[in-house]
Student: 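I'd like to ask some things about the structure below.
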Amino acid sequence: MAANEHTAFVMRDRNWHPPAYAPGYKTSVARSPRQALMAIQTPSASEITGPDFQSLALGPYDNDLLNNYRESTDRDGLPVGERIQVYGRVIDQFGKPVPHTLVEMWQANAGGRYRHKKDSYAAPLDPNFGGVGRTVTDEGGWYRFRTIKPGPYPWPNDPNSWRPAHIHISVMGPSISTRLITQLYFEGDPLIPFCPIVNTIRDADAIETLTSRLDMARSRSFDCLVYRFDIVTRGALQTFFENF
Amino acid sequence: MQQYNHRQPLEPESVFLRESPSQTAGPYVHIGLALNVAGLPEREHEIVNVMARADADGPRMHIRGLVLDGNEVPVDDVLVEAWQADAHGRYVTDFSFDNAFNSLGRAAPGMGVDQAGWWSFTTIKPGRLSHPDGPEMAPHINLMIFARGINIHLHTRLYFDDEGEANAVCPFLNRVPTERRRTLIASRVEDSEDGEPVYEFVIRLQGRDETVFFDF
């Protein structure tokens, strides 16, 4: 994209996203703005530009969580758990691929424990698993991670709140207007309907779009199951030309 | 000045999908996006809070910031992303670790500041850039706030208290109601050891002085 050429984006539908204040998820109560967001009707370069990651040098194992913690710590074992691949496409609302965008993810280990000093859940840390990955989409908007399936875990929202198995996904898209952090859930997980964080989303169809699908056709015999998860970022509208 | 390109024909838009719904970044966002803060081994390159090297073009400066919840408690698991123009008012869209300055930065408490909840950026003072509605905008940094309990990230802007003249004519800032405008203005508080200005910016998620957050 030429330096003086910018793109505006389809307005974000905030009824489809979870509201800031969602009392079933208790932490949102003190962390949600109470004033209305201020709408910006005429975007400038500040809203419609964003980083392009085509030149980002990533390590060869950055998207391979079976191996990347071992690479950084000189360990020699594999992580415990169900080996999976997660793949999909980053597309915009008009179905166009979003190439060269940074996709980052983080997750708990197979026992449901994060490698974070504040995670005190009784499940053990896995000495061979860090739980962090990143990649840049290819020309067609495709991305792929190899990892283990994360475990569910309890959390102190209600006396018996459990998070379904999930992977946190961060995607930039072509602009800061398209910036998004979401979570991937797994098809068939019985904990999904009980989760207060899932239920910050009010529309059942929206929750469905965050549920990855088992892709048996791509699953690899004696290697790993494969889950497909497509990510939709805001659609690019007309092009602006900036005259200096 | 910016304008729509009216010469471009409309393309058929047979597909229209819903955007993937946002979900909170959760309490462990730092293991994913600010690894050193979470105590994880850093990879070869990370996007961090130093956006400008010493040889970057333009006046270097430091921002120290704090996000407070509705109980005035520091949000210590926050992740803040910055997107700002260079000293000439241009966004550097090609992110590269070889650049002396990148328009994108990431900060989390524990990076560069020891006090609970405080985060910091080392960057350059952004230049002014155009706005389609009139005069150039005052120097500003676009900030995105992610944390546990924040279901969809918040967008705000940081302006500077030593840019009074530019702030007074900024077409963006002027749309914000006068009484709330000060929530977007960082204060120059001191100079760093190497003589570079330090600005302080407190973001309040709720309360009487709730920061202005934007939808665009």
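The sequence lines fix the lettering, A, B, ..., with proteins before strands; numbering per chain opens at 1.
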Student: So, A/Phe129 versus A/Tyr69, ring centres under 6.0 angstrom or not?
Tutor: no
Student: If you define the side chain from C-beta out and look only at heavy atoms, does anything of B/Val80 sit under 4.5 Å from B/Phe146?
Tutor: no
Student: Check each atom of A/Thr209 against the heavy atoms of chain B and say whether the ones under 4.5 Å are side chain, backbone, both or neither.
Tutor: side chain
Student: Side chain, backbone, both or neither: which part of A/Asp92 has a heavy atom under 4.5 Å from chain B?
Tutor: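 Interface part for A/Asp92: backbone (N, CA, C, O).
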Student: Return the option, out of A/Leu180, A/Asp13, A/Asp203, with the maximum number of heavy-atom pairs under 4.5 Å with chain B.
Tutor: A/Leu180
Student: Of all of B/Val75, B/Ile150, B/Asn71, which one pairs up most often with chain A through heavy atoms under 4.5 Å apart?
Tutor: B/Val75
Student: What part of A/Ser177 is in contact with chain B, defined as an atom under 4.5 angstrom from a non-hydrogen atom: side chain, backbone, both or neither?
Tutor: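 Its backbone and side chain both get close to chain B.
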Student: As an exercise: rank A/Ala22, A/Ala57, A/Gly50 by heavy-atom pairs under 4.5 Å with chain B and give me the winner.
Tutor: A/Gly50
Student: Heavy-atom pairs under 4.5 Å with chain B - which of A/Val29, A/Thr233, A/Asp119 has more of them than the others?
Tutor: A/Asp119
Student: Sort out for me which of B/Phe172, B/Phe95, B/Trp83, B/Phe214 touches chain A most, counting heavy-atom pairs under 4.5 Å.
Tutor: B/Trp83
Student: Relative to chain B, which segment of A/Arg14 carries a heavy atom at a distance below 4.5 Å: side chain, backbone, both, or neither?
Tutor: side chain
Student: Is the shortest distance from a Lys or Arg side-chain nitrogen in B/Arg18 or A/Glu208 to a carboxylate oxygen in the other one below 4.0 Å?
Tutor: no
Student: Is chain B contacted by the side chain of A/Asp230, its backbone, both, or neither, given a heavy-atom distance below 4.5 Å?
Tutor: backbone
Student: Please rank B/Pro177, B/Gly32, B/Ser20, B/Ala38 by heavy-atom pairs under 4.5 Å with chain A and give me the top one.
Tutor: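 Of B/Pro177, B/Gly32, B/Ser20, B/Ala38, B/Ser20 has the most heavy-atom pairs under 4.5 Å with chain A.
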Student: Counting only non-hydrogen atoms closer than 4.5 Å, does A/Ile91 touch chain B with its backbone (N, CA, C, O), its side chain (CB onward), both, or neither?
Tutor: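 Side chain only.
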Student: Tell me, side chain or backbone of A/Ser170 under 4.5 Å from chain B's heavy atoms, or both, or neither?
Tutor: side chain
Student: I'd like to check the side-chain hydrogen bond (donor to acceptor under 3.5 Å, both in side chains) partners of A/Thr211; sequence neighbours left out, ordered by chain and number.
Tutor: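 A/Thr211 satisfies side-chain hydrogen bond (donor to acceptor under 3.5 Å, both in side chains) with no other residue.
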Student: Is it the backbone or the side chain of A/Phe229 that comes under 4.5 Å from a heavy atom of chain B, or both, or neither?
Tutor: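 Nothing of A/Phe229, per the 4.5 Å heavy-atom cut-off to chain B.
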Student: Can a salt bridge be assigned to the pair A/Arg12 and B/Asp215 using a cut-off of 4.0 Å between side-chain N and carboxylate O?
Tutor: no
Student: Tell me, for A/His116 versus chain B, whether the close heavy atoms (under 4.5 Å) come from the side chain, the backbone, both or neither.
Tutor: both
Student: Could you go through the salt bridge (charged side-chain N to carboxylate O under 4.0 Å, His left out) check for B/Arg175 and B/Asp133 one step at a time?
Tutor: CA-CA 11 Å; B/Arg175 277 213 209 87; B/Asp133 285 353; 2.2 Å; yes
Student: Does the ring of A/Tyr143 carry A/Arg89 above it, NZ/CZ under 6.0 angstrom from centre and within 45° of its axis?
Tutor: no
Student: Report which part of A/Leu58 has an atom under 4.5 Å of a heavy atom belonging to chain B: side chain, backbone, both, or neither.
Tutor: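 Interface part for A/Leu58: neither.
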Student: Where does A/Lys118 contact chain B at under 4.5 Å (heavy atoms): side chain, backbone, both or neither?
Tutor: both
Student: Tell me if the centroids of the rings in A/His166 and A/Tyr153 come within less than 6.0 Å of each other.
Tutor: yes
Student: Do you know which of A/Gly95, A/Gly59, A/Gly133, A/Ser32 has the most heavy-atom pairs with chain B at a distance under 4.5 angstrom?
Tutor: A/Ser32
Student: Return the minimal non-hydrogen interatomic distance between B/Leu66 and B/Pro74, and the atom names on each side.
Tutor: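 Of all heavy-atom pairs spanning B/Leu66 and B/Pro74, the closest is CD1-CB, 3.8 Å.
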Student: If you count heavy-atom pairs under 4.5 Å with chain B, which of A/Ile181, A/Asp205, A/Ile207, A/Leu56 comes out on top?
Tutor: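 That would be A/Ile181.
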Student: Under a 4.5 Å heavy-atom cut-off, does chain B meet the side chain of A/Ala20, its backbone, both or neither?
Tutor: backbone
Student: So which part of A/Leu210 gets closer than 4.5 Å to some heavy atom of chain B, the side chain, the backbone, both or neither?
Tutor: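 Contact with chain B involves the side chain of A/Leu210 alone.
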Student: Could you list the donor-acceptor pairs under 3.5 angstrom formed by side chains in residues 100-111 of chain B, with sequence neighbours left out?
Tutor:
{"residue": "B/Asn102", "atom": "OD1", "partner": "B/Ser96", "partner atom": "N", "Å": "3.2"}
{"residue": "B/Asn102", "atom": "OD1", "partner": "B/Asn99", "partner atom": "ND2", "Å": "2.9"}
{"residue": "B/Asn102", "atom": "ND2", "partner": "B/Ser96", "partner atom": "O", "Å": "2.7"}
{"residue": "B/Ser103", "atom": "OG", "partner": "B/Gln84", "partner atom": "O", "Å": "2.6"}
{"residue": "B/Ser103", "atom": "OG", "partner": "B/Val92", "partner atom": "N", "Å": "2.8"}
{"residue": "B/Arg106", "atom": "NE", "partner": "B/Glu81", "partner atom": "OE2", "Å": "2.7"}
{"residue": "B/Arg106", "atom": "NH1", "partner": "A/Glu104", "partner atom": "OE1", "Å": "3.4"}
{"residue": "B/Arg106", "atom": "NH1", "partner": "A/Glu104", "partner atom": "OE2", "Å": "2.9"}
{"residue": "B/Arg106", "atom": "NH2", "partner": "A/Glu104", "partner atom": "OE1", "Å": "2.7"}
{"residue": "B/Arg106", "atom": "NH2", "partner": "B/Glu81", "partner atom": "OE2", "Å": "3.1"}

Student: Could you check which of B/Gly39, B/Pro41, B/Ala25, B/Gly70 has the highest count of heavy-atom pairs closer than 4.5 Å to chain A?
Tutor: B/Ala25
Student: Testing the basics here: between B/Ala85 and B/Leu129, what is the closest heavy-atom pair and its distance to 0.1 Å?
Tutor: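 Minimum heavy-atom contact is CB-CD2, 4.1 Å.
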Student: Do NZ/NE/NH1/NH2 and the carboxylate oxygens of B/Glu163 and B/Lys125 come within less than 4.0 Å?
Tutor: yes
